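Read the structure below first, then the notes.
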Protein chains: 2
Amino acid sequence: MEDVAARVGVSRALVSLVFRDAPGASPRTRERVLRAAEELGYRPDSAARVLASSRSRVLGVVLTVHNPFHADLVEAVYPEAERLGYDILLSAQAPTRHVRAAVEALLGHRCEALLLLGPDTDPAFLRETARRAPVVSVGRRFPGADVETVHTAEAKGVRLAVRHLAGLGHRRITHIDGGTGAGSAERRRGYRDAMRGLGLGDFVRVLRGDHTEESGAAAARLLLAEERLPTAVLAGNDRCALGLLDVLSRAGVRVPEDVSVVGFDDIPVARLSHVDLTTVRQDVPGMAAAAVATAVNRLEDRSSALRETVLAPELVVRGTTAAPREGAREPGR
Amino acid sequence: MEDVAARVGVSRALVSLVFRDAPGASPRTRERVLRAAEELGYRPDSAARVLASSRSRVLGVVLTVHNPFHADLVEAVYPEAERLGYDILLSAQAPTRHVRAAVEALLGHRCEALLLLGPDTDPAFLRETARRAPVVSVGRRFPGADVETVHTAEAKGVRLAVRHLAGLGHRRITHIDGGTGAGSAERRRGYRDAMRGLGLGDFVRVLRGDHTEESGAAAARLLLAEERLPTAVLAGNDRCALGLLDVLSRAGVRVPEDVSVVGFDDIPVARLSHVDLTTVRQDVPGMAAAAVATAVNRLEDRSSALRETVLAPELVVRGTTAAPREGAREPGR
DNA sequence: GCGCTCTACTAGAGCGCTCCAGGGGCCAAG
DNA sequence: CTTGGCCCCTGGAGCGCTCTAGTAGAGCGC
């Protein structure tokens, strides 16, 4: 910085000012400073910057690196953060690496706020973390944990799916739930309510699962071993639906002719032509934008109240749902 | 830090020393400092640390966030880095975000070296980046780009797969390649060589593809439209194999009875019971360890020569390969 | 000419840490 | 009793920036 200043013949402060895009330098000088910096290969040091300004303008994101839905969110977070002048740093949560470790790393690198994607942790830890920095939980609710929340109206999404299926003539609609996965409890409840709301209370059936392909496969094997299949299955998420589809198709069960399948999330694989999964799409750009905006808002106004942003999901009808076969219909219909 | 020092009744320097785990403090004092810090909720500020020491001990990792193989690598990188006392920062590459942006972010945050996972970029950019910091390209070779390289012996992996298939009696073994994907050119060449080496040169057939499920699906549709299927397909990677399997099974083609399928990578989905894909496993822990070690070694000895670490792959035989049906055998066998 | 404002720029004090050059005790050897 | 060495510990100068308070000088109205 000293060198750049010397080369242009101004003070260090002026150079600093130019690099901060702060007012107070003439266009001509600004231009000369920039050129000198270019020539000398000077790039401001973010550590020093952070230290001096006690602001880093960095948001930390904790993701489960194996989760395709998180991948979508991360991708959507970047442009939004950039728009607001923030930088993004990622840290991974994994079976072998607790959220705690990811949070420590991020905070240690001066992230001003944290976006936790479907964090697999306890409210106590979040409450504690929230005292250190604004925390936004994306996709998972933590009542009473003092964190900002951005999530989809899960129940509504499930309702859309159930109505779609019922509208096609399905009654025996089984739900494979997502266990303790993000949003899973809400989806399970939403399913029960939607079924009852349509007078299908007697057909309610929930299979335990989680948000992986494996659990969908397991559910499929369980169903195949029974006397007859349900006419439709509502999976806890797309990955579960994928596992289900795979095992069903290998067993010679045709989708959607023999059984209809609906997922949740609308991850990229679901859109592939050969999968063509009917699913409930979460508003990824909306969630990313809301998460970033919430964090930034909180940063700029510490006293602001906790927000809960709920985004509307959307049913995307593709090729895995159709009317049940005649023979599969309930008698007396 | 001042506060902690005051509370214990020592100097700031002593506190610094304790937190750096540097020798020169008695166990008793060390203990007291740590307790005081705990009570006051003091945590050293990494920005200041970095600034003062002009070392950050942070490695930057650029990954394609949608890539399950990268997810595996990232997970394996953490423990290795921790062992050597380094921190990891992630930045994503995506269709909407060039490697360049990820690299800038990481370097701006004082990463001392960069691990690029199968970077989708040009040698010129890498050469330029390598002048700024040690760069390790994982899974993709860049001859002449002055970067460290860690990759699998792709040709060997393919050879193992081809031999396995040939050993089962297959001759019409088709390869769906990975286009410009990481390692793809080597795999393609390896396939050709292996086929010729087994006297199967006449059966060489390469279908253009890329490293996505979609390309596997497309290849499957193409094959299904032909007079007869090959008896075995060697996909460019697991994702491609997955797309292929999916379309085949929906078309009523049984795997491995009607056609055998082999993937490459051994990503988590491949191991799932319902997929049970025979594949060539890349040594993920080995690659992660080598990548970290190479970066650290380079950091500690700037003058060290560029290394290329080649790891042996391993054939994992699962349920998608078997001997070809009698009828499918070549006449005259 | 004076006082005023406004623009363009500067000096210098931090930000929170590391690290080096010591400085006292204390003990064993001479 | 000295000397040397070792162990613990301290003071203070940076690291590369930001930011506040302030200066110089130009332009303006009266």
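Only a predicted model underlies this, so the values are computations on that prediction, with no experimental measurement involved. We name chains A, B, ... by the order of the sequence lines, and we start the count at 1 in each one.
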Does the side chain of [X] pick up a donor-acceptor pair with the side chain of [Y] at under 3.5 Å?
{"X": "B/H211", "Y": "B/D265", "result": "no"}
{"X": "B/H151", "Y": "B/E308", "result": "yes"}
{"X": "B/T294", "Y": "B/E148", "result": "no"}

- Would you say A/R97's side chain and A/A92's backbone share a donor-acceptor pair under 3.5 angstrom? yes
- Task: Output yes when a side-chain donor or acceptor of B/R57 lies under 3.5 Å from a complementary backbone atom of B/L84, and no otherwise.
- Result: yes
- Pull out every residue in residues 28-44 of chain A that has a heavy atom closer than 4.0 Å to any atom of DNA chain D, ordered by number, or say none. A/Y42, A/R43, A/P44
- Message: Does anything in residues 1-21 of chain A come within less than 4.0 Å of DNA chain D? Heavy atoms only, and list the residues if so.
- Response: A/M1, A/R12, A/A13, A/S16, A/R20
- Item | Salt-bridge present (A/E104, A/R132; N to O < 4.0 Å) | yes
- Message: Rounding to an integer number of Å, can you tell me how far B/L51 CG sits from D/dA13 P?
- Response: 17 Å
- Item | Interatomic distance where CZ belongs to A/R55 and P belongs to D/dC19 [whole Å] | 10 Å
- Item | Residue matched to D/dC30 through Watson-Crick or wobble contacts both under 3.5 angstrom | C/dG1
- For B/R32, all residues meeting side chain to side chain contact (heavy atoms under 4.5 Å, CB included), sequence neighbours excluded: B/V8, B/R28, B/R35
- State, with a plain yes or no, whether a side-chain heavy atom of B/L306 is found less than 4.5 Å away from one of B/R298. yes
